[in-house]
Amino acid sequence: MADPSPIDIQKALGGMEYPASKEDLVQHAKDKGADDAVLDTLNGLPDREFDSPTDVNKEASK
């Protein structure tokens, strides 16, 4: 399965309030109907607070 693009990740996180925990990001994406690739990427993030969408994308691209 291909990694989701930063745009796909941010679509799934639209309306998210920051800072947000990894769990908050995953739940928000699930609630918005994100696909498995996005959810897998978010679940693979480190367990910490994220300050912004840019922070999420930077960590997701590692």
Worksheet item: Taking all non-hydrogen atoms of both residues, which atom of Asp55 and which atom of Phe50 are closest, and how far apart?
Response: OD2-CA, 3.4 Å
Practice prompt. Given side-chain contact (heavy atoms from CB on, under 4.5 Å), test Val38 with Asp35 step by step and report yes or no.
Written response: CA-CA 6 Å; Val38 170; Asp35 66 23; 3.3 Å; yes
Worksheet item: If you measure from OG on Ser5 to NZ on Lys11, what distance do you get to the nearest 0.5 Å?
Response: 7.5 Å
Fill in: Shortest non-hydrogen separation from Met16 to Asp24 and the atoms involved
CE-CB, 3.7 Å
Item to complete: Check Gln10 against Pro53 and note the closest heavy-atom contact, atom names and distance.
Response: OE1-CB, 3.0 Å
Fill in: Heavy-atom check, side chain of Thr41 versus side chain of Asp8, under 4.5 Å
no
Worksheet, complete the sentence: One should read off an interatomic distance between Leu45 CG and Lys58 NZ, to the nearest 0.5 angstrom, of 13.0 Å
Discussion item. Show the nearest heavy-atom pair for residues His28 and Gly14, with the distance to one decimal.
Written reply: NE2-O, 2.8 Å
Worksheet item: What pair of heavy atoms forms the shortest contact from Leu39 to Val26, and how long is it?
Response: CD2-O, 4.0 Å
Discussion item. Restricting to non-hydrogen atoms, name the atom on Pro46 and the atom on Glu59 that form the minimum distance, rounded to 0.1 Å.
Written reply: CD-CG, 3.3 Å
Worksheet item: Say you draw a straight line from NZ of Lys22 to CG of Asn43; how long is it, rounded to the nearest 0.5 Å?
Response: 6.0 Å
Fill in: Over 12 foreign heavy atoms within 6.0 Å of NZ, Lys32
yes
